[in-house]
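Numbered from 1 within each chain, the chains take letters A, B, ... in sequence-line order.
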Amino acid sequence: DTEVTQTPKHLVMGMTNKKSLKCEQHMGHRAMYWYKQKAKKPPELMFVYSYEKLSINESVPSRFSPECPNSSLLNLHLHALQPEDSALYLCASSQGTGENIQYFGAGTRLSVL
Amino acid sequence: KQEVTQIPAALSVPEGENLVLNCSFTDSAIYNLQWFRQDPGKGLTSLLLIQSSQREQTSGRLNASLDKSSGRSTLYIAASQPGDSATYLCAVKGSSNYKLTFGKGTLLTVNP
């Protein structure tokens, strides 16, 4: 099973709302990632967790707050977002951060009104 | 800073044709290169991964090659089918920071 599950599939939120995106994998992977993808653009890395510790933050604004409660679960907490944050948010996992294949979820389509 | 370029940006072919997608990268210090497929509004499906020490990988009708010294990779699709229609993304993982850098993709349309 190479499945990465993301919920919800779609999310609409106002600029004052607080919401969370969830990502889950049961492949025993120890690295998990958040990417942001705007329309007709490639994915851009936001955060990397390795062994449940944040190892890379690509200078993401603090209105995006990642959390890794355990080795199978990765959350992205959203607060006070802007309309330009509307995008497809992709989660990925891999066995480690080195040479391994990254497996991606189907993404959460976020619209900020 | 690693830059990944994919050519062509879009490609339309009749069913049954063999085709080649190109990917080039500026920094040859890579850990691996991965080809993905993305259907509209969907996530990414990993197709092939080539380690920096390898020259090619094959899976079914797909063959990917890597020439690290020249900073190039190709994805060969044999006997294309309408179901192959999607955007194909190339991504390289740097050896210094393990970051995956993507190209902008090639939008492939296979016409029945």
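Q6(A) does not touch chain B: none of its heavy atoms, backbone or side chain, sits under 4.5 Å away. With a threshold of 4.5 angstrom between heavy atoms, K104(B) approaches chain A through its backbone and through its side chain. There is no contact between E44(A) and chain B, counting heavy-atom distances below 4.5 Å. Interface residue L89(B): only side-chain heavy atoms are found under 4.5 Å from chain A.
No chain of hydrophobic side-chain contacts below 4.5 Å, direct or via other Ile, Leu, Val, Met, Phe, Trp or Tyr residues, connects L11(A) to F104(A). When the side chains of ILVMFWY residues are joined at heavy-atom separations under 4.5 Å, either directly or via intervening members, F47(A) and Y33(A) end up in two distinct hydrophobic clusters. In the hydrophobic clustering of ILVMFWY residues, with side-chain heavy atoms under 4.5 Å counting as a link, Y49(A) and L76(A) come out together. Side-chain heavy atoms closer than 4.5 Å link hydrophobic residues (I, L, V, M, F, W, Y) into clusters, and following such links, possibly through other members, connects I30(B) to L47(B).
With a 6.0 Å radius and a threshold of 12 heavy atoms from other residues, nucleotides or ligands, K38(A) has its NZ atom above the threshold. Within 6.0 Å of CZ in R55(B) there are 12 or fewer heavy atoms belonging to other residues, nucleotides or ligands. Around the CZ atom of R72(B), the shell of radius 6.0 Å holds no more than 12 heavy atoms that belong to other residues, nucleotides or ligands. Counting heavy-atom neighbours within 6.0 Å of Q2(B) CD, excluding the residue itself, gives a total above 12.
Note: S46(B) OG to Y103(A) OH = 6.5 Å, rounded to the nearest 0.5 Å. Note: L100(B) CG to Y35(A) OH = 4.0 Å, rounded to the nearest 0.5 Å. Atoms CD and OG, from Q34(B) and S94(A) in turn, are 9.0 Å apart once rounded to the nearest 0.5 Å.
Contact count against chain B (heavy-atom pairs under 4.5 Å) is highest for E58(A) among E58(A), R109(A), K40(A). With chain B as the partner, the residue from G107(A), A106(A), P43(A), A39(A) showing the most heavy-atom pairs under 4.5 Å is P43(A).
Listed here is the closest heavy atom pair of K42(B) and L88(A): O-CD2, 3.7 Å. Q102(A) and F36(B) get closest at one heavy-atom pair: O-CE2, 3.7 Å. Of all heavy-atom pairs between G103(B) and P42(A), the closest is O-CB, 3.0 Å.
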